[in-house]
Amino acid sequence: MTGGTAHADEDIGNGKGSAKTDGGKDGGNGIYATAKIQYSGAVAKGGSKGNVTSADVTWNPPPCWYAPYLGAKDFKKKMSGELKDAMGKPGMTGHAGSALAQTRQHYEDDYGWANTPGYKDYNVDKDGKGMFWAGVENPDEPDYLKRTSCSDLPFWVDNGEPAPAQYEEAITPKMLSKLAYQHMQLPDTKVSLAPDGTTKVNLPTWAWLDKAAFDDVKATAAVDVPGFHIEATTTATPKSLTLEPGTGDATLIPASGECPIVDGKIGEPYAKGKSKETPPCGIVYNRSSKGGTFPLKAALTWEISWTGTNQNAAQPMPDGTIEVTQDIAVEEVQSINR
């Protein structure tokens, strides 16, 4: 049987027989779904991946999903044309030809099988009352087999009804929250240091974040077609700053290197007269960088949660991090011989 998965950047049909679809995306290998997820808020430009790294290495966004594709009349026009072209190619006999014939029977002559009912004339008598759904590839999934695993034939879903239970990968608000997470673009983390750029051996380097870095960041993913609308908003809130000095010859403050939010701030700005005090967040370098620099890594951890359609209470997601590297020169303290 002919089937396929989608490219997520294609336009979606309107469910009423007047959809504009991009037919050039299927590569001649069968029907490919067209379900465009709409992203808004703090998301990367051009539909690319964002800059958030999940703290849970086992967490992954969905590699593919099933979503609304076309209304009945549009689907009939596209699928019948695809089948006609495929069956007219040389060598379409035997198993391949039989599979194509069964697919046509499935949509035209009410031919079905276990848990998969057939359709009469592509369900055109229900045009405007639902849509055919089909598989969509996540273009950011590197594993080809996973990306193309939503390969069942397109299936019908009435407006206001959930997808049949056997399609576990049917798009849901929770899946949208993961896609919003994947596309979220958090502000760059610029850690303020004192001294800045060049510090001294055995003297504390103070580190803190500007209060502007503590605003919540939101990203939303939605699917919106006639008869079907779901969305999810992922919210990120700063949680802690972790420092890695770039050398083993350094003392972290606190010892874990993780500076939590205290009274709405991370660390404390250096002020004149505090040179002999211990900062709440910082580093003491125990040797010089000998004319070079140490790569100080600063990772800001964000606490992430989501809300969405029929889910008003915030649900936790894995923490996310973004990391920046700042070059630090460390000099010996010059002593004066008398």
Side-chain angles (χ1 to χ4, degrees), residues 1-38 62 64-87 99-138 147-172 175-176 222-230:
M1 299 182 188
T2 183
T5 48
H7 299 272
D9 59 347
E10 295 184 28
D11 293 329
I12 201 164
N14 66 5
K16 296 184 179 180
S18 59
K20 180 182 178 184
T21 60
D22 185 349
K25 295 291 182 74
D26 63 11
N29 295 319
I31 292 292
Y32 277 64
T34 55
K36 185 173 182 180
I37 292 178
Q38 301 165 349
C64 65
W65 56 90
Y66 292 102
Y69 174 31
L70 292 173
K73 290 181 180 179
D74 284 327
F75 181 73
K76 177 181 178 179
K77 181 179 179 181
K78 184 165 180 63
M79 178 60 107
S80 61
E82 293 280 348
L83 288 170
K84 182 179 179 180
D85 290 344
M87 296 175 75
L100 290 171
Q102 285 185 7
T103 300
R104 185 168 65 180
Q105 287 180 303
H106 177 61
Y107 290 113
E108 294 182 2
D109 302 323
D110 208 19
Y111 173 72
W113 48 91
N115 297 321
T116 307
Y119 305 98
K120 190 69 175 177
D121 192 25
Y122 295 88
N123 251 13
V124 293
D125 62 333
K126 298 184 73 173
D127 192 50
K129 299 178 182 179
M131 297 186 76
F132 279 98
W133 286 38
V136 183
E137 294 180 12
N138 184 341
R147 191 172 68 243
T148 58
S149 61
C150 297
S151 56
D152 286 349
L153 285 171
F155 54 91
W156 181 263
V157 179
D158 287 328
N159 287 343
E161 296 296 324
Q166 67 262 38
Y167 300 103
E168 296 180 359
E169 297 85 4
I171 195 71
T172 63
M175 293 171 72
L176 286 176
V223 175
D224 188 13
V225 296
F228 185 82
H229 174 89
I230 58 172

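Because only heavy atoms are used, hydrogens play no part in the values below, and waters and symmetry mates are left out as well, while side chains stay in.
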Student: Within the side chain of H229, is there an N or O that forms a donor-acceptor pair under 3.5 Å with the backbone of D224?
Tutor: no

Student: In the structure I gave you, are the side-chain heavy atoms of L70 and M79 within less than 4.5 Å of one another anywhere?
Tutor: no

Student: Below 4.5 Å, heavy atoms only, C-beta onward: do F75 and P154 meet side chain to side chain?
Tutor: yes

Student: Under the criterion side chain to side chain contact (heavy atoms under 4.5 Å, CB included), I'd like the reasoning laid out for T172 against W65: C-alpha separation, chi angles, the key distance, then a yes or no.
Tutor: CA-CA 9 Å; T172 63; W65 56 90; over 6 Å; no

Student: So, do W113 and H106 sit near enough that their side-chain heavy atoms are less than 4.5 Å apart?
Tutor: yes

Student: Of the non-hydrogen atoms in E169 and C150, which two are nearest, and what is the gap between them?
Tutor: CB-SG, 3.9 Å

Student: Any side-chain heavy atom of D121 sitting closer than 4.5 Å to one from K76?
Tutor: yes

Student: Write down the atom of F228, the atom of P68, and the distance for their closest heavy-atom approach.
Tutor: CD2-CG, 3.6 Å

Student: If you round to the nearest 0.5 Å, how far is CG of L176 from CD1 of I230?
Tutor: 4.5 Å

Student: Could you walk me through whether Y119 and F132 pass ring-ring contact (aromatic ring centres under 6.0 Å, His included), step by step?
Tutor: CA-CA 11 Å; Y119 305 98; F132 279 98; 5.2 Å; yes

Student: Is any side-chain heavy atom of M175 less than 4.5 Å from a side-chain heavy atom of P62?
Tutor: yes

Student: Hey, are D125 and K120 close enough for a salt bridge, meaning a charged N less than 4.0 Å from a carboxylate O?
Tutor: no

Student: If you measure from CG on D109 to CD on Q102, what distance do you get to the nearest 0.5 Å?
Tutor: 12.0 Å

Student: Taking all non-hydrogen atoms of both residues into account, name the closest pair between E137 and T148 and its distance.
Tutor: OE2-CG2, 3.4 Å

Student: Between Y107 and W156, is the gap from one ring center to the other below 6.0 Å?
Tutor: no

Student: Would you check if M87 and R104 make a side-chain contact, meaning some heavy-atom pair closer than 4.5 Å?
Tutor: yes

Student: For a quick test of reading the model, state the closest non-hydrogen atom pair linking N159 to G130 and the distance between them.
Tutor: OD1-CA, 3.2 Å

Student: Is the closest side-chain heavy-atom distance between D110 and Q105 below 4.5 Å?
Tutor: no

Student: How far apart are the closest heavy atoms of T116 and Q166, and which atoms are they?
Tutor: OG1-NE2, 4.3 Å

Student: I'd like to check M131 versus V157 (side-chain heavy atoms, cut-off strictly below 4.5 Å). Are they in contact?
Tutor: no

Student: Using modelled atom types and a 3.5 Å cut-off, is there a donor and acceptor pairing between side-chain atoms of E108 and backbone atoms of Y122?
Tutor: no

Student: Examine distances only and state if a side-chain atom of Y66 and a backbone atom of S151 form a donor-acceptor pair shorter than 3.5 Å.
Tutor: yes

Student: Verify, without hydrogens or angle tests, whether N123 (side chain) and A72 (backbone) share a donor-acceptor contact under 3.5 angstrom.
Tutor: no

